[in-house]
There are 2 protein chains.
Amino acid sequence: MEAKITLSESMEDYLEAIFNLIKENGSARVTDIANSLGIAASSVNQGLKKLNEQGLIKQQKYGPIKLTQSGVQAAEKVNCKHQILYLFLHKTLGVEPETADQDACSIEHVLSQQSFEKMVDYLIENNYIEEQNCAFKFMENEEEEKMAAKEFMLDSMSVGSKAEVLKIESKGRLKRKLMDMGLNRGARVEVKGKAPMGDPIEIKVRGYSLSLRQDEAAEILVKEV
Amino acid sequence: MEAKITLSESMEDYLEAIFNLIKENGSARVTDIANSLGIAASSVNQGLKKLNEQGLIKQQKYGPIKLTQSGVQAAEKVNCKHQILYLFLHKTLGVEPETADQDACSIEHVLSQQSFEKMVDYLIENNYIEEQNCAFKFMENEEEEKMAAKEFMLDSMSVGSKAEVLKIESKGRLKRKLMDMGLNRGARVEVKGKAPMGDPIEIKVRGYSLSLRQDEAAEILVKEV
DNA sequence: TATTATTTTTAGGTTAACCTAAAAGTTGGG
DNA sequence: CCCAACTTTTAGGTTAACCTAAAAATAATA
(Lines give C-alpha, C1' and ligand atoms only; values in the text may rest on other atoms or scores of the structure.)
Protein backbone atom coordinates (compact mmCIF):
# COMPACT_ATOMS: atom_id res chain seq x y z
CA MET A 1 0.00 0.00 0.00
CA GLU A 2 2.68 2.46 0.93
CA ALA A 3 4.81 3.57 -1.93
CA LYS A 4 7.81 1.52 -1.04
CA ILE A 5 10.96 3.40 -1.85
CA THR A 6 13.99 1.88 -3.46
CA LEU A 7 17.31 3.37 -2.56
CA SER A 8 20.51 3.12 -4.49
CA GLU A 9 23.64 2.24 -2.59
CA SER A 10 24.86 5.78 -2.34
CA MET A 11 21.48 7.09 -1.30
CA GLU A 12 21.59 4.57 1.53
CA ASP A 13 25.04 5.78 2.39
CA TYR A 14 23.87 9.37 2.53
CA LEU A 15 20.94 8.47 4.72
CA GLU A 16 23.08 6.47 7.06
CA ALA A 17 25.64 9.23 7.34
CA ILE A 18 22.94 11.78 8.12
CA PHE A 19 21.44 9.48 10.69
CA ASN A 20 24.74 8.98 12.46
CA LEU A 21 25.73 12.63 12.32
CA ILE A 22 22.46 13.70 13.85
CA LYS A 23 22.91 11.14 16.59
CA GLU A 24 26.43 12.31 17.30
CA ASN A 25 26.32 16.04 16.76
CA GLY A 26 22.67 16.81 16.76
CA SER A 27 22.83 18.05 13.19
CA ALA A 28 24.06 17.08 9.76
CA ARG A 29 25.47 19.60 7.35
CA VAL A 30 26.50 19.10 3.77
CA THR A 31 30.20 19.36 4.56
CA ASP A 32 29.95 16.93 7.46
CA ILE A 33 28.34 14.36 5.25
CA ALA A 34 30.90 14.96 2.57
CA ASN A 35 33.72 14.48 5.06
CA SER A 36 32.30 11.39 6.63
CA LEU A 37 31.84 9.76 3.24
CA GLY A 38 35.02 11.11 1.73
CA ILE A 39 33.40 12.77 -1.26
CA ALA A 40 32.96 16.32 -2.52
CA ALA A 41 30.34 18.56 -0.98
CA SER A 42 28.81 19.23 -4.35
CA SER A 43 28.23 15.53 -4.86
CA VAL A 44 26.48 15.31 -1.55
CA ASN A 45 24.36 18.25 -2.54
CA GLN A 46 23.11 16.44 -5.60
CA GLY A 47 22.43 13.31 -3.61
CA LEU A 48 20.39 15.25 -1.10
CA LYS A 49 18.25 16.58 -3.87
CA LYS A 50 17.19 13.06 -4.69
CA LEU A 51 16.54 12.14 -1.09
CA ASN A 52 14.46 15.26 -0.88
CA GLU A 53 12.41 14.22 -3.90
CA GLN A 54 11.75 10.88 -2.25
CA GLY A 55 10.54 12.68 0.85
CA LEU A 56 13.20 11.20 3.09
CA ILE A 57 14.84 14.41 4.16
CA LYS A 58 13.87 18.01 4.49
CA GLN A 59 16.21 20.82 3.60
CA GLN A 60 15.77 24.44 2.82
CA LYS A 61 18.37 26.14 0.74
CA TYR A 62 21.45 26.72 2.82
CA GLY A 63 19.57 25.27 5.74
CA PRO A 64 20.20 22.30 8.03
CA ILE A 65 19.28 18.78 6.99
CA LYS A 66 16.59 16.86 8.80
CA LEU A 67 15.18 13.39 8.34
CA THR A 68 11.47 12.97 7.82
CA GLN A 69 9.62 10.12 9.48
CA SER A 70 10.12 7.77 6.59
CA GLY A 71 13.68 9.00 6.36
CA VAL A 72 14.33 7.94 9.93
CA GLN A 73 12.70 4.59 9.24
CA ALA A 74 14.79 3.97 6.19
CA ALA A 75 17.96 5.08 7.92
CA GLU A 76 17.30 2.84 10.88
CA LYS A 77 16.81 -0.08 8.60
CA VAL A 78 20.12 0.46 6.90
CA ASN A 79 21.85 1.12 10.17
CA CYS A 80 20.41 -2.01 11.62
CA LYS A 81 21.74 -4.07 8.76
CA HIS A 82 25.10 -2.49 9.31
CA GLN A 83 25.08 -3.42 12.96
CA ILE A 84 24.14 -7.01 12.27
CA LEU A 85 26.93 -7.39 9.80
CA TYR A 86 29.41 -5.69 12.04
CA LEU A 87 28.56 -7.87 14.98
CA PHE A 88 28.59 -10.98 12.92
CA LEU A 89 31.95 -10.32 11.34
CA HIS A 90 33.60 -9.01 14.44
CA LYS A 91 32.11 -11.08 17.22
CA THR A 92 31.62 -14.43 15.60
CA LEU A 93 34.33 -14.49 12.96
CA GLY A 94 36.87 -12.39 14.80
CA VAL A 95 37.42 -9.87 12.06
CA GLU A 96 39.09 -6.70 13.33
CA PRO A 97 36.71 -3.87 14.20
CA GLU A 98 37.85 -1.50 11.52
CA THR A 99 37.76 -4.07 8.76
CA ALA A 100 34.47 -5.46 9.99
CA ASP A 101 33.02 -1.98 9.84
CA GLN A 102 34.23 -1.38 6.30
CA ASP A 103 32.97 -4.74 5.12
CA ALA A 104 29.63 -4.15 6.76
CA CYS A 105 29.47 -0.90 4.88
CA SER A 106 29.92 -2.52 1.50
CA ILE A 107 27.76 -5.55 2.10
CA GLU A 108 24.82 -3.91 3.80
CA HIS A 109 23.46 -2.73 0.48
CA VAL A 110 23.43 -6.04 -1.29
CA LEU A 111 22.94 -8.94 1.09
CA SER A 112 19.64 -10.76 0.89
CA GLN A 113 17.02 -10.57 3.56
CA GLN A 114 17.39 -14.26 4.16
CA SER A 115 21.09 -14.09 4.90
CA PHE A 116 20.51 -11.25 7.30
CA GLU A 117 17.93 -13.28 9.10
CA LYS A 118 20.25 -16.25 9.37
CA MET A 119 22.94 -14.05 10.82
CA VAL A 120 20.52 -12.66 13.33
CA ASP A 121 19.51 -16.18 14.31
CA TYR A 122 23.13 -17.03 14.81
CA LEU A 123 23.79 -13.92 16.85
CA ILE A 124 20.82 -14.61 19.08
CA GLU A 125 21.75 -18.22 19.63
CA ASN A 126 25.17 -17.14 20.74
CA ASN A 127 23.81 -14.38 22.90
CA TYR A 128 25.42 -11.53 21.09
CA ILE A 129 22.09 -9.79 20.75
CA GLU A 130 18.67 -10.13 22.28
CA GLU A 131 15.37 -10.54 20.58
CA GLN A 132 14.28 -7.10 21.61
CA ASN A 133 17.03 -5.50 19.62
CA CYS A 134 16.94 -3.26 16.61
CA ALA A 135 17.79 -6.33 14.61
CA PHE A 136 14.14 -7.13 14.28
CA LYS A 137 12.63 -4.00 12.98
CA PHE A 138 13.06 -5.05 9.42
CA MET A 139 12.13 -8.64 9.81
CA GLU A 140 8.43 -8.55 10.65
CA ASN A 141 7.13 -9.84 7.37
CA GLU A 142 8.14 -13.47 7.42
CA GLU A 143 4.99 -15.54 7.52
CA GLU A 144 3.28 -13.37 5.02
CA GLU A 145 5.61 -15.08 2.61
CA LYS A 146 3.85 -18.40 3.06
CA MET A 147 0.39 -17.03 2.40
CA ALA A 148 0.69 -19.03 -0.76
CA ALA A 149 -2.08 -19.36 -3.33
CA LYS A 150 -2.47 -17.46 -6.56
CA GLU A 151 1.23 -17.38 -7.27
CA PHE A 152 2.34 -17.10 -10.89
CA MET A 153 5.25 -16.06 -12.98
CA LEU A 154 4.54 -12.60 -14.31
CA ASP A 155 4.53 -13.64 -17.97
CA SER A 156 1.60 -15.95 -17.38
CA MET A 157 -0.66 -13.27 -15.95
CA SER A 158 -3.48 -12.16 -18.15
CA VAL A 159 -3.89 -8.64 -19.44
CA GLY A 160 -5.67 -6.45 -16.94
CA SER A 161 -4.75 -8.43 -13.85
CA LYS A 162 -2.96 -6.96 -10.90
CA ALA A 163 -0.34 -8.59 -8.73
CA GLU A 164 2.26 -8.13 -6.10
CA VAL A 165 5.88 -9.08 -6.67
CA LEU A 166 6.99 -11.94 -4.45
CA LYS A 167 10.40 -12.78 -5.73
CA ILE A 168 12.75 -12.35 -8.62
CA GLU A 169 14.01 -15.79 -9.45
CA SER A 170 16.97 -14.83 -11.57
CA LYS A 171 20.39 -13.98 -10.34
CA GLY A 172 23.02 -11.37 -10.48
CA ARG A 173 22.83 -8.59 -12.93
CA LEU A 174 19.44 -9.42 -14.36
CA LYS A 175 17.93 -9.47 -10.93
CA ARG A 176 19.56 -6.19 -10.20
CA LYS A 177 18.23 -4.70 -13.38
CA LEU A 178 14.69 -5.82 -12.67
CA MET A 179 14.89 -4.52 -9.15
CA ASP A 180 16.16 -1.21 -10.39
CA MET A 181 13.09 -0.97 -12.55
CA GLY A 182 11.13 -0.95 -9.35
CA LEU A 183 10.20 -4.62 -9.33
CA ASN A 184 11.05 -5.18 -5.71
CA ARG A 185 9.33 -7.49 -3.35
CA GLY A 186 5.99 -6.02 -2.55
CA ALA A 187 5.71 -3.83 -5.60
CA ARG A 188 2.28 -3.73 -7.19
CA VAL A 189 2.15 -4.36 -10.87
CA GLU A 190 -0.59 -4.30 -13.42
CA VAL A 191 -0.41 -6.05 -16.76
CA LYS A 192 -1.41 -3.47 -19.35
CA GLY A 193 -0.85 -5.42 -22.52
CA LYS A 194 0.94 -8.13 -24.38
CA ALA A 195 2.22 -8.26 -27.91
CA PRO A 196 0.92 -11.08 -30.12
CA MET A 197 3.66 -13.55 -29.26
CA GLY A 198 3.60 -12.60 -25.60
CA ASP A 199 6.74 -10.57 -26.09
CA PRO A 200 7.11 -7.89 -24.96
CA ILE A 201 4.75 -7.43 -22.04
CA GLU A 202 3.64 -3.99 -20.98
CA ILE A 203 3.26 -3.46 -17.27
CA LYS A 204 2.73 -0.62 -14.89
CA VAL A 205 4.71 -0.34 -11.66
CA ARG A 206 4.66 2.52 -9.19
CA GLY A 207 3.01 4.67 -11.77
CA TYR A 208 5.58 3.99 -14.43
CA SER A 209 4.90 2.02 -17.55
CA LEU A 210 7.55 -0.37 -18.60
CA SER A 211 7.88 -3.20 -21.02
CA LEU A 212 9.57 -6.48 -20.25
CA ARG A 213 10.81 -9.21 -22.49
CA GLN A 214 8.91 -12.41 -21.92
CA ASP A 215 11.91 -14.24 -20.53
CA GLU A 216 12.46 -11.42 -18.10
CA ALA A 217 8.85 -11.55 -16.95
CA ALA A 218 9.20 -15.30 -16.55
CA GLU A 219 11.71 -14.66 -13.79
CA ILE A 220 9.28 -12.75 -11.63
CA LEU A 221 7.12 -14.58 -9.15
CA VAL A 222 3.96 -12.68 -8.32
CA LYS A 223 0.84 -13.14 -6.25
CA GLU A 224 -2.42 -12.11 -7.80
CA VAL A 225 -4.42 -9.53 -5.90
CA MET B 1 56.52 -0.30 -12.73
CA GLU B 2 54.00 -2.57 -11.14
CA ALA B 3 51.50 -3.85 -13.61
CA LYS B 4 49.10 -5.10 -11.00
CA ILE B 5 45.73 -5.54 -12.49
CA THR B 6 42.72 -4.17 -10.76
CA LEU B 7 39.41 -5.49 -11.91
CA SER B 8 36.11 -3.73 -11.59
CA GLU B 9 33.14 -5.71 -10.41
CA SER B 10 31.79 -6.30 -13.83
CA MET B 11 35.15 -7.26 -15.24
CA GLU B 12 35.31 -9.88 -12.51
CA ASP B 13 31.85 -11.02 -13.46
CA TYR B 14 32.86 -11.39 -17.08
CA LEU B 15 35.94 -13.36 -16.17
CA GLU B 16 34.02 -15.63 -13.87
CA ALA B 17 31.36 -16.26 -16.47
CA ILE B 18 33.96 -17.09 -19.08
CA PHE B 19 35.71 -19.40 -16.68
CA ASN B 20 32.53 -21.26 -15.85
CA LEU B 21 31.35 -21.47 -19.43
CA ILE B 22 34.63 -22.93 -20.55
CA LYS B 23 34.46 -25.45 -17.77
CA GLU B 24 30.91 -26.42 -18.66
CA ASN B 25 30.79 -26.19 -22.44
CA GLY B 26 34.40 -26.11 -23.41
CA SER B 27 34.00 -22.68 -24.91
CA ALA B 28 32.67 -19.23 -24.13
CA ARG B 29 30.97 -17.14 -26.77
CA VAL B 30 29.81 -13.57 -26.48
CA THR B 31 26.15 -14.53 -26.46
CA ASP B 32 26.68 -17.21 -23.83
CA ILE B 33 28.32 -14.71 -21.54
CA ALA B 34 25.58 -12.21 -22.23
CA ASN B 35 22.91 -14.75 -21.37
CA SER B 36 24.55 -16.00 -18.25
CA LEU B 37 24.92 -12.47 -16.93
CA GLY B 38 21.61 -11.22 -18.20
CA ILE B 39 23.00 -8.32 -20.21
CA ALA B 40 23.21 -7.37 -23.87
CA ALA B 41 25.80 -8.96 -26.11
CA SER B 42 27.11 -5.59 -27.13
CA SER B 43 27.85 -4.74 -23.53
CA VAL B 44 29.77 -7.95 -23.15
CA ASN B 45 31.69 -7.10 -26.26
CA GLN B 46 32.87 -3.85 -24.77
CA GLY B 47 33.80 -5.54 -21.55
CA LEU B 48 35.86 -8.10 -23.41
CA LYS B 49 37.81 -5.33 -25.06
CA LYS B 50 38.97 -4.18 -21.68
CA LEU B 51 39.87 -7.65 -20.52
CA ASN B 52 41.80 -8.01 -23.72
CA GLU B 53 43.72 -4.83 -23.05
CA GLN B 54 44.62 -6.16 -19.65
CA GLY B 55 45.91 -9.32 -21.24
CA LEU B 56 43.45 -11.55 -19.44
CA ILE B 57 41.69 -12.97 -22.43
CA LYS B 58 42.48 -13.52 -26.03
CA GLN B 59 39.95 -13.07 -28.78
CA GLN B 60 40.17 -12.63 -32.46
CA LYS B 61 37.39 -10.82 -34.18
CA TYR B 62 34.37 -13.08 -34.42
CA GLY B 63 36.48 -15.76 -32.84
CA PRO B 64 36.13 -17.80 -29.66
CA ILE B 65 37.19 -16.39 -26.31
CA LYS B 66 40.08 -17.89 -24.43
CA LEU B 67 41.63 -17.06 -21.12
CA THR B 68 45.34 -16.33 -20.99
CA GLN B 69 47.44 -17.65 -18.17
CA SER B 70 46.89 -14.61 -16.02
CA GLY B 71 43.25 -14.65 -17.03
CA VAL B 72 42.84 -18.15 -15.65
CA GLN B 73 44.59 -17.12 -12.48
CA ALA B 74 42.36 -14.13 -11.98
CA ALA B 75 39.23 -16.10 -12.76
CA GLU B 76 40.17 -18.84 -10.35
CA LYS B 77 40.69 -16.28 -7.66
CA VAL B 78 37.26 -14.81 -8.12
CA ASN B 79 35.67 -18.21 -8.42
CA CYS B 80 37.35 -19.33 -5.27
CA LYS B 81 36.00 -16.36 -3.37
CA HIS B 82 32.60 -17.21 -4.67
CA GLN B 83 32.89 -20.77 -3.45
CA ILE B 84 34.00 -19.73 0.00
CA LEU B 85 31.10 -17.38 0.36
CA TYR B 86 28.65 -19.88 -0.98
CA LEU B 87 29.82 -22.60 1.37
CA PHE B 88 29.84 -20.27 4.29
CA LEU B 89 26.36 -18.93 3.72
CA HIS B 90 24.81 -22.23 2.77
CA LYS B 91 26.59 -24.74 4.97
CA THR B 92 27.18 -22.81 8.12
CA LEU B 93 24.33 -20.33 8.14
CA GLY B 94 21.80 -22.49 6.35
CA VAL B 95 20.93 -19.99 3.67
CA GLU B 96 19.17 -21.60 0.73
CA PRO B 97 21.41 -22.59 -2.16
CA GLU B 98 19.97 -20.18 -4.64
CA THR B 99 20.06 -17.21 -2.33
CA ALA B 100 23.49 -18.13 -1.06
CA ASP B 101 24.70 -18.18 -4.62
CA GLN B 102 23.25 -14.79 -5.42
CA ASP B 103 24.66 -13.27 -2.28
CA ALA B 104 28.06 -14.77 -2.96
CA CYS B 105 27.85 -13.14 -6.35
CA SER B 106 27.36 -9.69 -4.97
CA ILE B 107 29.72 -9.92 -2.05
CA GLU B 108 32.65 -11.60 -3.71
CA HIS B 109 33.75 -8.33 -5.24
CA VAL B 110 33.87 -6.27 -2.11
CA LEU B 111 34.66 -8.35 0.95
CA SER B 112 38.05 -7.83 2.54
CA GLN B 113 40.80 -10.38 2.39
CA GLN B 114 40.67 -10.67 6.15
CA SER B 115 37.02 -11.61 6.27
CA PHE B 116 37.58 -14.22 3.61
CA GLU B 117 40.36 -15.70 5.63
CA LYS B 118 38.24 -15.86 8.73
CA MET B 119 35.50 -17.61 6.82
CA VAL B 120 37.98 -20.11 5.49
CA ASP B 121 39.26 -20.73 9.00
CA TYR B 122 35.73 -21.34 10.13
CA LEU B 123 35.00 -23.67 7.24
CA ILE B 124 38.13 -25.68 7.94
CA GLU B 125 37.43 -25.95 11.64
CA ASN B 126 34.03 -27.32 10.89
CA ASN B 127 35.34 -29.66 8.24
CA TYR B 128 33.45 -28.18 5.34
CA ILE B 129 36.64 -27.84 3.37
CA GLU B 130 40.14 -29.19 3.66
CA GLU B 131 43.32 -27.25 3.69
CA GLN B 132 44.24 -28.61 0.31
CA ASN B 133 41.24 -26.99 -1.31
CA CYS B 134 40.94 -24.28 -3.89
CA ALA B 135 40.17 -22.00 -1.02
CA PHE B 136 43.82 -21.33 -0.61
CA LYS B 137 44.91 -20.62 -4.07
CA PHE B 138 44.30 -16.96 -3.64
CA MET B 139 45.72 -16.67 -0.21
CA GLU B 140 49.25 -17.92 -0.44
CA ASN B 141 50.29 -15.52 -3.04
CA GLU B 142 49.84 -12.22 -1.33
CA GLU B 143 53.17 -10.85 -2.35
CA GLU B 144 53.40 -12.98 -5.41
CA GLU B 145 50.25 -11.16 -6.38
CA LYS B 146 52.29 -8.06 -6.97
CA MET B 147 54.77 -9.92 -9.08
CA ALA B 148 52.14 -11.73 -11.00
CA ALA B 149 50.40 -10.59 -14.09
CA LYS B 150 53.39 -9.15 -15.79
CA GLU B 151 52.24 -11.26 -18.64
CA PHE B 152 50.60 -9.58 -21.55
CA MET B 153 49.85 -10.06 -25.15
CA LEU B 154 52.41 -8.14 -27.11
CA ASP B 155 49.92 -5.72 -28.58
CA SER B 156 48.97 -4.45 -25.14
CA MET B 157 52.50 -3.49 -24.16
CA SER B 158 53.22 0.20 -23.99
CA VAL B 159 55.75 1.88 -26.22
CA GLY B 160 59.21 1.70 -24.75
CA SER B 161 58.67 -1.44 -22.71
CA LYS B 162 60.75 -4.58 -23.06
CA ALA B 163 59.64 -8.14 -22.77
CA GLU B 164 60.48 -11.76 -23.27
CA VAL B 165 58.44 -14.01 -25.51
CA LEU B 166 56.69 -16.76 -23.61
CA LYS B 167 54.50 -18.31 -26.22
CA ILE B 168 52.95 -17.84 -29.59
CA GLU B 169 49.32 -18.66 -29.18
CA SER B 170 48.37 -19.04 -32.81
CA LYS B 171 48.96 -22.05 -35.00
CA GLY B 172 49.97 -23.04 -38.44
CA ARG B 173 51.09 -20.55 -40.98
CA LEU B 174 50.87 -17.51 -38.76
CA LYS B 175 52.87 -19.14 -36.01
CA ARG B 176 55.50 -20.18 -38.52
CA LYS B 177 55.68 -16.71 -39.91
CA LEU B 178 56.10 -15.14 -36.50
CA MET B 179 58.74 -17.63 -35.51
CA ASP B 180 60.60 -17.02 -38.73
CA MET B 181 60.71 -13.37 -37.80
CA GLY B 182 62.68 -14.36 -34.75
CA LEU B 183 59.89 -14.37 -32.23
CA ASN B 184 60.82 -17.62 -30.54
CA ARG B 185 60.34 -18.47 -26.94
CA GLY B 186 62.79 -16.53 -24.87
CA ALA B 187 63.43 -13.85 -27.47
CA ARG B 188 63.76 -10.32 -26.13
CA VAL B 189 61.58 -7.72 -27.75
CA GLU B 190 61.26 -4.00 -27.35
CA VAL B 191 58.21 -2.01 -28.41
CA LYS B 192 59.52 0.90 -30.45
CA GLY B 193 56.30 2.48 -31.55
CA LYS B 194 52.63 2.18 -32.32
CA ALA B 195 50.56 3.80 -35.00
CA PRO B 196 47.60 5.86 -33.82
CA MET B 197 45.12 3.02 -33.91
CA GLY B 198 47.58 0.54 -32.44
CA ASP B 199 48.14 -0.94 -35.84
CA PRO B 200 50.81 -1.59 -36.91
CA ILE B 201 53.20 -2.01 -34.02
CA GLU B 202 56.92 -1.45 -34.42
CA ILE B 203 59.14 -3.76 -32.46
CA LYS B 204 62.78 -4.67 -32.24
CA VAL B 205 63.92 -8.29 -31.95
CA ARG B 206 67.47 -9.57 -32.02
CA GLY B 207 68.63 -6.30 -33.45
CA TYR B 208 66.09 -6.24 -36.29
CA SER B 209 63.23 -3.84 -36.49
CA LEU B 210 59.97 -5.26 -37.67
CA SER B 211 56.40 -4.20 -37.77
CA LEU B 212 53.50 -6.40 -36.81
CA ARG B 213 49.82 -6.07 -37.40
CA GLN B 214 47.92 -5.72 -34.18
CA ASP B 215 46.20 -9.06 -34.49
CA GLU B 216 49.54 -10.72 -35.07
CA ALA B 217 50.98 -9.10 -31.97
CA ALA B 218 47.90 -10.21 -30.07
CA GLU B 219 48.98 -13.80 -30.58
CA ILE B 220 52.23 -13.35 -28.75
CA LEU B 221 52.30 -13.87 -25.02
CA VAL B 222 55.15 -12.01 -23.38
CA LYS B 223 56.48 -11.35 -19.91
CA GLU B 224 57.54 -7.85 -19.14
CA VAL B 225 61.18 -7.50 -18.11
C1' DT C 1 29.43 46.91 9.65
C1' DA C 2 32.72 45.81 6.46
C1' DT C 3 35.71 42.32 5.34
C1' DT C 4 37.17 37.82 5.39
C1' DA C 5 36.28 32.95 5.92
C1' DT C 6 33.34 29.19 5.46
C1' DT C 7 29.52 26.72 3.63
C1' DT C 8 26.35 25.66 0.13
C1' DT C 9 24.94 25.69 -4.44
C1' DT C 10 25.39 25.89 -9.49
C1' DA C 11 27.50 24.93 -13.87
C1' DG C 12 29.75 22.07 -16.56
C1' DG C 13 32.35 18.32 -16.94
C1' DT C 14 34.12 12.69 -16.73
C1' DT C 15 33.73 7.77 -16.36
C1' DA C 16 31.92 3.03 -16.07
C1' DA C 17 28.48 0.24 -17.31
C1' DC C 18 24.85 -0.47 -19.35
C1' DC C 19 21.40 0.04 -23.50
C1' DT C 20 19.14 -0.30 -28.73
C1' DA C 21 19.49 -0.60 -33.54
C1' DA C 22 21.78 -1.73 -37.34
C1' DA C 23 25.88 -3.34 -39.90
C1' DA C 24 29.23 -7.00 -40.66
C1' DG C 25 30.46 -11.60 -40.47
C1' DT C 26 29.58 -16.72 -40.09
C1' DT C 27 27.20 -21.01 -40.68
C1' DG C 28 23.93 -24.66 -41.91
C1' DG C 29 20.22 -26.45 -44.89
C1' DG C 30 18.00 -26.83 -49.20
C1' DC D 1 26.52 -22.31 -53.50
C1' DC D 2 23.19 -19.32 -51.92
C1' DC D 3 20.09 -17.61 -48.62
C1' DA D 4 18.15 -17.33 -44.04
C1' DA D 5 19.20 -17.38 -39.39
C1' DC D 6 22.26 -16.50 -36.03
C1' DT D 7 26.36 -14.22 -33.83
C1' DT D 8 29.42 -10.53 -33.23
C1' DT D 9 30.67 -5.92 -33.75
C1' DT D 10 29.96 -0.95 -34.39
C1' DA D 11 27.71 3.38 -33.69
C1' DG D 12 25.44 6.23 -30.97
C1' DG D 13 23.02 6.81 -27.09
C1' DT D 14 21.55 6.99 -21.36
C1' DT D 15 22.22 7.06 -16.48
C1' DA D 16 24.25 7.25 -11.81
C1' DA D 17 27.72 8.90 -9.30
C1' DC D 18 31.28 11.15 -8.98
C1' DC D 19 34.47 15.42 -9.98
C1' DT D 20 36.47 20.76 -10.21
C1' DA D 21 35.88 25.54 -10.30
C1' DA D 22 33.45 29.32 -9.34
C1' DA D 23 29.28 31.84 -7.74
C1' DA D 24 26.03 32.78 -3.98
C1' DA D 25 24.74 32.81 0.72
C1' DT D 26 25.77 32.82 5.48
C1' DA D 27 28.79 33.30 9.60
C1' DA D 28 32.66 35.20 12.17
C1' DT D 29 35.50 38.83 13.62
C1' DA D 30 38.00 42.95 13.96
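Numbers restart at 1 for each chain; the letters A, B, ... are given by sequence-line order, proteins then strands.
Between B:Lys61 and the phosphate of D:dT10, there is a side-chain N or O to OP1/OP2 separation shorter than 4.0 Å. Residue A:Tyr62 has no polar side-chain atom (N or O) positioned under 4.0 Å from OP1 or OP2 of D:dA23. An OP1 or OP2 oxygen of C:dC19 is reached within less than 4.0 angstrom by a side-chain nitrogen or oxygen of B:Ser43. Contact annotation: A:Lys49 does not reach the phosphate of C:dT9 (side-chain N/O to OP1 or OP2, under 4.0 Å). Taking 4.0 angstrom as the limit, A:Ser10 places a side-chain polar atom (N or O) nearer than this to OP1 or OP2 of D:dA17.
The OH-C1' distance, from B:Tyr14 to C:dA17, rounds to 7 Å in whole Å. Rounded to an integer number of Å, the gap from B:Glu9 CD to D:dA16 C1' is 14 Å. For the pair B:Ile65 CD1 and D:dT7 C1', the interatomic distance rounds to 11 Å; values are reported in whole Å. Between the P atom of C:dA16 and the CG atom of B:Leu7 lies a distance of 13 Å, rounded to the nearest Å. To the nearest angstrom, P of D:dT14 lies 15 Å from CD of B:Gln46. Rounded to an integer number of Å, the gap from A:Glu53 CD to D:dA16 C1' is 13 Å. As rounded to whole Å, 14 Å separates atom C1' of C:dT8 from atom CD1 of A:Ile39. Counting to the nearest Å, the C1' atom of C:dA16 and the CE atom of B:Met11 are 8 Å from each other.
By the 4.5 Å heavy-atom criterion applied to side chains, B:Asp103 and B:Leu85 are not counted as neighbours. A 4.5 Å side-chain heavy-atom check between A:Tyr14 and A:Ile39 finds at least one atom pair inside the cut-off. Annotation: side chain of A:Ile65 is not in contact with side chain of A:Lys58 (no heavy-atom distance under 4.5 Å). Contact check for B:Thr68 versus B:Ile57: no side-chain heavy atoms found under the 4.5 Å cut-off.
Distances from the side chain of B:Ala40 to the nucleotides D:dT9, C:dT20, D:dA16 place C:dT20 closest. Residue A:Asn45 has its side chain nearest to C:dT9 when only C:dT9, D:dT10, C:dC19 are considered.
Summarising the geometry, atom CD belonging to B:Glu16 is positioned 11.5 Å from atom CG belonging to B:Leu7; distances are rounded to the nearest 0.5 Å.
Contacts of residues 20-32 of chain B with DNA chain C (heavy atom under 4.0 Å): none.
Judged by distance alone, with hydrogens and angles left aside, the side-chain atoms of A:His90 form no donor-acceptor pair with the main-chain N or O of A:Ala100 at under 3.5 Å.
Comparing B:Ala41 and A:Ala41, the nucleotide of DNA chain D nearest to each residue sits closer to the 5' end for B:Ala41.
A:Ser42 comes within 4.0 angstrom of a base, heavy atoms only.
By the 4.0 Å N-to-carboxylate-O rule, A:Lys204 lies too far from A:Glu190 to be salt-bridged with it.
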